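Notes follow the structure.
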Amino acid sequence: VQRLAVYSSLDEAQRALGHLTQTLSLHRALGDRYGEAVTLTDIGWAGATLGEGQKALEHYTQALSIHRALEISEEAATLNNSGLVYVALGENQKAVEHLTQALSIHRASGNRHGEATTLTNVGGVHSTLGEKQKALEYFTQARDLYRAIGDSVREARMSSKIGEVSSALGRNISDRGEKQKRSRRR
């Protein structure tokens, strides 16, 4: 994934995809299922970066199948990534399903950082859907976890998101209050 970040920063995701496709062929030829799964995940990421959401999901689905068969820990990361692609495609219910599965795996494995990241993503989906109270609950859980693991940068980001959502909730409450006052005056 680190090599993908380099390619992405150089606007060369297409080039990365070419290299990854070659790497995938090598892993398959060698019978390296773990390497195949990791590379499929990377190809999914590159595809999502290039705006090819459906292709990204196909690769994530293949990777997820291998992760599950091999019982390796990347399953949650793959579910999280595919959830984010579903968000980008506007398929929010599928996004929540994948993110919820990832959250369960992170919790079961004790991966608190993965749990906090996934809580952030689920909160973001709920916020996008206008479900601000649910978003607030997820963001608060994420902030508390980031605080517990000592990640002050992400804790601060979550505090900011909590402030934004709280403000939106306050405006909605104020708006309703104003409407009620106006209707009483009539």
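Small disclaimer: the values here were computed from a predicted structure and weren't measured. For reference, positions follow the sequence shown, starting with 1.
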If you measure from [atom1] on [X] to [atom2] on [Y], what distance do you get to the nearest 0.5 Å?
| X | Y | atom1 | atom2 | answer |
| --- | --- | --- | --- | --- |
| Ile105 | Glu75 | CD1 | CD | 3.5 Å |
| Gln62 | Ile43 | CD | CD1 | 8.5 Å |
| Leu24 | His19 | CG | NE2 | 14.5 Å |

Worksheet item: Is a salt bridge present between Glu36 and Arg33, judged by a nitrogen-to-oxygen distance below 4.0 Å?
Response: yes
Item to complete: Answer yes or no: is there an ion pair linking Glu155 with Arg143, defined by an N-O contact shorter than 4.0 Å?
Response: no
Flag the pair [X] / [Y] as yes when at least one side-chain heavy-atom distance between them is below 4.5 Å, and no otherwise.
| X | Y | answer |
| --- | --- | --- |
| Trp45 | His59 | no |
| Leu17 | Leu50 | yes |
| Glu115 | Leu145 | yes |
| Leu169 | Gln133 | yes |

Worksheet item: In a check of side chain to side chain contact (heavy atoms under 4.5 Å, CB included) between Thr39 and each of Thr21, Leu26, Thr23, which one passes?
Response: Thr23
Worksheet item: How about His126 and Glu131: does a side-chain donor come under 3.5 Å of a side-chain acceptor?
Response: yes
Worksheet item: Counting only heavy atoms not in Tyr86, do more than 12 fall under 6.0 Å of its OH?
Response: yes
Worksheet, complete the sentence: Nearest heavy-atom contact between Ala63 and Ala37 is CB-O, 3.5 Å
Fill in: Candidate pair Leu136 and Thr140, rule side-chain contact (heavy atoms from CB on, under 4.5 Å), full reasoning
CA-CA 6 Å; Leu136 185 62; Thr140 300; 4.2 Å; yes
